[in-house]
2 protein chains.
Amino acid sequence: MAKVDTSLVAHLPLFTGVKPEDLEEILREARSARYPKNTAIFEQGADAQSFFLLLHGHVRAAKTTPTGEQIVVRYVAPGETFGLAMAIGAARYPATAMAVDDSVVLIWPNSAWPRLIERFPSLAANTLQTVGARLQESHTRILEMSTQQVEQRVAHVLLRLAKQSGKKSDHGIEIDFPISRQDIAQMTGTTLHTVSRILSGWESQGLVESGRQRIILRDPHRIVVLAERTADSGPA
Amino acid sequence: MAKVDTSLVAHLPLFTGVKPEDLEEILREARSARYPKNTAIFEQGADAQSFFLLLHGHVRAAKTTPTGEQIVVRYVAPGETFGLAMAIGAARYPATAMAVDDSVVLIWPNSAWPRLIERFPSLAANTLQTVGARLQESHTRILEMSTQQVEQRVAHVLLRLAKQSGKKSDHGIEIDFPISRQDIAQMTGTTLHTVSRILSGWESQGLVESGRQRIILRDPHRIVVLAERTADSGPA
DNA sequence: GCCCGGTTTTGCGCTATCGCAAACTGCAAG
DNA sequence: CTTGCAGTTTGCGATAGCGCAAAACCGGGC
């Protein structure tokens with residue numbers, strides 16, 4: 001197992017307030033692994049045995065109902081942790097994690113967690129902050145689902161993805177991992193059909209350019225306007 | 001300021017792993033306050049200066065959009081913390097907290113938080129667990145909003161409220177704080193009209209008994225069935 | 001270069017739910 | 001007891017978005 005260079009991860013929010021020599025000790029407890037595109041990292045309901053830090057790639061966390069419907073909880077970007085079941089007191093993973101691109105992760109055994117937070121309390125504090133931030137995002141998402149219509153929600157999601165994982169390309173921002181209409185539907189509480197219609201509409205207005213699992217925001221500013229538009233404040 | 005009896009709070013999840021003498025020290029930093037029914041404890045967007053532990057009563061946390069729509073984030077039951085902005089790294093309260101019943105709370109100044117978690121790391125760990133639990137509940141709520149129809153969502157919410165704050169009465173479980181149709185609408189992402197229609201329907205089937213800000217589940221079991229029913233698995 | 005399967009597009013009817021409006025009700029204050 | 005008002009009920013028309021079905025499309029694998 002290759003040793004992880006501390007300089008690659010030292011600046012991450014998770015490690016703020018951790019001394020370099022401590023960081024090294026923390027990293028010694030982890031191993032790294034590579035997951036090819038479209039492989040599962042863990043499954044919803046499985047015994048939680050590890051927690052993860054994404055180094056490269058992108059991971060989709062999705063939750064499935066007993067009847068098979070899915071929602072995308074979030075996309076994990078490099079530098080973010082995921083699978084923190086142990087930290088939040090869950091014995092099993094509440095969602096499925098899947099690499100949507102070739103991905104590299106650091107993996108700590110759950111058994112290391114209690115020891116780590118005892119020796120390095122900043123870890124607990126930092127984790128609390130990131131989990132808190134996710135909680136707020138969830139609340140925002142609930143608020144949006146309750147008060148906005150589908151088009152605005154899709155606009156918000158695309159803007160959020162662009163901010164989190166946008167790659168500036170010629171005349172636009174491209175979401176730099178493969179994402180389908182279906183995925184967006186599962187992030188906004190709608191169907192892939194409706195998402196497709198909306199994107200088609202936007203494409204014909206030059207707002208976006210999109211194709212197979214690929215979306216480029218050509219005119220982010222006008223999309224922001226769309227996102228913020230109230231139901232009744234539309235055009236003539 | 002009256003001194004708080006440690007025995008009243010020692011068993012709370014927040015304080016698991018805290019030694020009795022430490023608990024006393026923690027409580028010394030708090031003051032207690034009483035909020036009459038329908039008074040605000042803090043407002044969304046205000047500078048977060050304190051965090052809270054509810055001792056008696058019930059508190060509604062609600063989030064408002066720029067355009068005035070509201071959702072109920074959650075109802076706080078006695079023994080639960082709220083207003084943890086500082087802990088999760090927010091400078092302002094992300095929601096408004098309102099006493100829905102005469103309520104008594106413990107209040108710590110935010111400035112005490114860093115010191116407390118340094119001296120008593122279990123506090124951070126415990127808080128992480130409760131925030132994590134709330135995050136999972138939020139995800140469940142998003143899942144429900146995405147995949148279920150309104151009637152099922154209302155059923156789920158009532159069952160959740162009954163479990164959290166249900167008082168067994170003659171032949172049923174009564175939600176033991178005032179809650180309006182509007183509140184339920186704001187918890188389920190619908191309108192008070194639709195909630196009213198649903199409850200009327202249930203009432204005529206003997207599932208619930210309800211009135212002005214008051215709901216009694218007469219037949220929880222059948223409500224569970226409703227909650228779990230798939231869109232197409234209905235009766236003839 | 002061709003074929004296959006997953007993805008996307010689009011049409012069309014349907015319906016759950018909204019939105020508005022109006023009437024009703026019961027608690028609480030005076 | 002009366003009155004006022006917040007909360008609730010109910011009717012009715014409007015519609016956003018779903019669900020199903022079919023066709024078109026695209027990219028990668030062989």
Check each residue of residues 62-69 of chain B for a non-hydrogen atom within less than 4.0 Å of any atom in DNA chain D, then write out the ones that pass by number, or none.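 Contacting residues: none.
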
Counting only non-hydrogen atoms, which of residues 34-44 of chain B are less than 4.0 Å from DNA chain C?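 Per residue number, the list is empty: none.
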
Tell me if a side-chain donor or acceptor on [X] pairs with a main-chain N or O of [Y] at a distance below 3.5 Å.
X	Y	value
B:Gln152	B:Leu226	no
B:Glu80	B:Leu54	no
B:Gln164	B:Leu159	no
A:Thr188	A:Ile184	yes
A:Arg212	A:Pro178	no
A:Arg181	A:Thr194	no

Atom-to-atom span, [atom1] of [X] to [atom2] of [N] - whole angstrom:
X	N	atom1	atom2	result
B:Glu151	C:dT15	CD	P	17 Å
A:Ile198	D:dG17	CD1	P	7 Å
B:Gln148	C:dA16	CD	C1'	15 Å
B:Gln186	C:dC18	CD	P	13 Å
B:Ile184	C:dT17	CD1	P	16 Å
A:Gln152	D:dA16	CD	P	12 Å

Can you list every side chain to side chain donor-acceptor pair (under 3.5 Å) pair that touches residues 54-63 of chain A, not counting sequence neighbours?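 Checked against side chain to side chain donor-acceptor pair (under 3.5 Å) - neighbours excluded - the pairs reaching residues 54-63 of chain A are A:His58-A:Asp176, A:Arg60-A:Asp183.
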
Mind jotting down which residue pairs meet the side chain to side chain donor-acceptor pair (under 3.5 Å) criterion with at least one end in residues 82-109 of chain A? Sequence neighbours excluded, please.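 Residue pairs passing side chain to side chain donor-acceptor pair (under 3.5 Å), neighbours aside: A:Arg34-A:Asp102.
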
C:dG19, D:dG19, D:dG17: which one has an atom nearest the side-chain heavy atoms of B:Thr191?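 Side chain of B:Thr191 sits closest to C:dG19.
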
Taking the basic N atoms (NZ, or NE/NH1/NH2) and the acidic carboxylate oxygens, is any pair closer than 4.0 Å for A:Arg160 and A:Glu144?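 Looking at A:Arg160 and A:Glu144, the cut-off is met.
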
Hey, does B:Gly189 reach any base, or is it just sugar-phosphate, or nothing, if we go heavy atoms under 4.0 Å?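 Counting heavy atoms under 4.0 Å across all strands, the contact made by B:Gly189 is with sugar-phosphate only.
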
For residues 42-49 of chain B, which side-chain N or O atoms pair as donor and acceptor with protein atoms under 3.5 Å away, sequence neighbours left out?
unit_1: B:Gln44; atom_1: OE1; unit_2: B:Thr64; atom_2: N; d: 2.8
unit_1: B:Gln44; atom_1: NE2; unit_2: B:Thr64; atom_2: O; d: 3.1

Going by heavy atoms in the side chains, are A:Thr81 and A:Phe52 under 4.5 Å from each other?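 A:Thr81 does not reach A:Phe52 side chain to side chain.
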
For nucleotides 4-12 of chain D, 5' to 3', base contacts (B), sugar-phosphate-only contacts (S) and non-contacts (-) with protein non-hydrogen atoms under 4.0 Å give --BSBBBBB

